[in-house]
Number of protein chains: 2
Amino acid sequence: MNDALTILRRCGIKPTPQRIAVVNYVLKSTTHPTAEDVLDHSRKKCPTVSRATVYNTLNLLAAKGLLKTQVLKEGTVVFDPNARQHHHFIDDDTGVIYDIPWSSLAVSGKEKLRDYEVREYQVILRGRRTKRK
Amino acid sequence: MNDALTILRRCGIKPTPQRIAVVNYVLKSTTHPTAEDVLDHSRKKCPTVSRATVYNTLNLLAAKGLLKTQVLKEGTVVFDPNARQHHHFIDDDTGVIYDIPWSSLAVSGKEKLRDYEVREYQVILRGRRTKRK
DNA sequence: TTTTGTTCTTGACACCGTCTAAATTTAAAA
DNA sequence: TTTTAAATTTAGACGGTGTCAAGAACAAAA
Ligand SMILES: [Mn+2]
Ligand SMILES: [Mn+2]
Ligand SMILES: [Zn+2]
Ligand SMILES: [Zn+2]
């Protein structure tokens, strides 16, 4: 795992304490945090960081392809540090969003869709995560 | 097409002028209206109807299975008068949501997903609708 | 009719994300 | 160094979305 400073420099984004705090949380996250989640956690390292800066930084990272915004929750977008193609499973009870590897599922029939030029797609599944022992 | 009064009675929902206005618009819609869309159109027939009543009615219809809420747009849910299983294609340029028939696509590999009990799923595709002559 | 209880509707409120203008920090020029 | 310019951050305001407590309307009971 590269550190935040290296990542920001490699993308041509000037590193600031605020941006470093945001990157350190969101790119290492294994969940799908909302902007509010990122704000809360970033303030532990950088207590004065503002909501606007968090949004600016997250949108900058998304524009650079380091993360992807996903429309999976009602009312708010979530930020996904896994920017590669994959599917999602959403737990009915908890709302937790799980990544499903791209290779786990196959979708057939896309090529037959006339009138639609598909740029990207994903399967969204909902249900319950079974108890693990 | 049954009229709103009949539909409401058959579902055991007491018909009121507000609910009739909502049902008349949303169940006949061929698009995927937001609550705001439904509010605007309902007020043409029932000018005093409030936002809260529109939400109450839409959620009631969803609970009865007459429509389905879908998380497809940023910032707002949309209400789908097509409550049967189907997929969605979202136009990058316009944001318009198109229904893709269930039979058009097939998803394989779900049965191999251990730890996940799938209740429902759909494919969400994004891209451009090609020009139609 | 009056009282009581239930259902329905609504205005007010909280949350999310964007925008602006001012303040701060950093960098470049003189 | 001092001055100027550019980039970044911040607080607060704003518009849009969805929820809630309280009042209005309605129905049942007395
Ligand atoms: Mn969260
Ligand atoms: Mn709309
Ligand atoms: Zn993901
Ligand atoms: Zn649909």
Tell me which nucleotide among [options] gets nearest to the side chain of [X].
X: A:Y55; options: C:dT18, D:dT17, C:dT10; value: C:dT18
X: A:K14; options: D:dT8, D:dA11, D:dC20; value: D:dT8
X: A:A52; options: D:dT10, D:dT19, C:dT9; value: D:dT10

Taking atom [atom2] of [N] as reference, at what distance in whole Å does atom [atom1] of [X] sit?
X: A:E74; N: C:dA14; atom1: CD; atom2: P; value: 21 Å
X: A:R19; N: C:dT24; atom1: CZ; atom2: C1'; value: 14 Å
X: A:N56; N: C:dG17; atom1: CG; atom2: P; value: 14 Å
X: B:N59; N: D:dT17; atom1: CG; atom2: P; value: 15 Å
X: B:K73; N: C:dG17; atom1: NZ; atom2: P; value: 16 Å
X: A:I20; N: C:dT25; atom1: CD1; atom2: P; value: 16 Å
X: A:L58; N: D:dT9; atom1: CG; atom2: P; value: 12 Å

## Note on the structure
Of B:T76 and A:T53, the one whose nearest nucleotide on DNA chain D sits closer to the 5' end is A:T53
#### Entry: Backbone of A:R129 reached by a side-chain donor or acceptor of A:D91 within 3.5 Å
yes
#### Entry: Main-chain N/O of B:T53 paired with B:T57 side-chain donor or acceptor, under 3.5 Å
yes
Less than 4.0 angstrom between a side-chain N/O of [X] and OP1 or OP2 of [N], yes or no?
X: B:T48; N: C:dT10; answer: yes
X: A:T16; N: D:dT9; answer: yes
X: B:R51; N: D:dG18; answer: no
X: A:S50; N: D:dA11; answer: no
X: A:Q18; N: D:dT10; answer: yes

### Task
List the steps and the verdict of side-chain hydrogen bond (donor to acceptor under 3.5 Å, both in side chains) for B:D99 and B:H32.
CA-CA 9 Å; B:D99 283 349; B:H32 296 80; 2.8 Å; yes
### Query
Using the ring of each side chain (for Trp, its six-membered ring), is B:Y116 parallel, tilted or perpendicular to A:F89, with breaks at 30° and 60°?
tilted
### Task
Over 60° means perpendicular and under 30° means parallel, so classify the ring planes of A:Y121 and A:H87, tilted if in between.
tilted
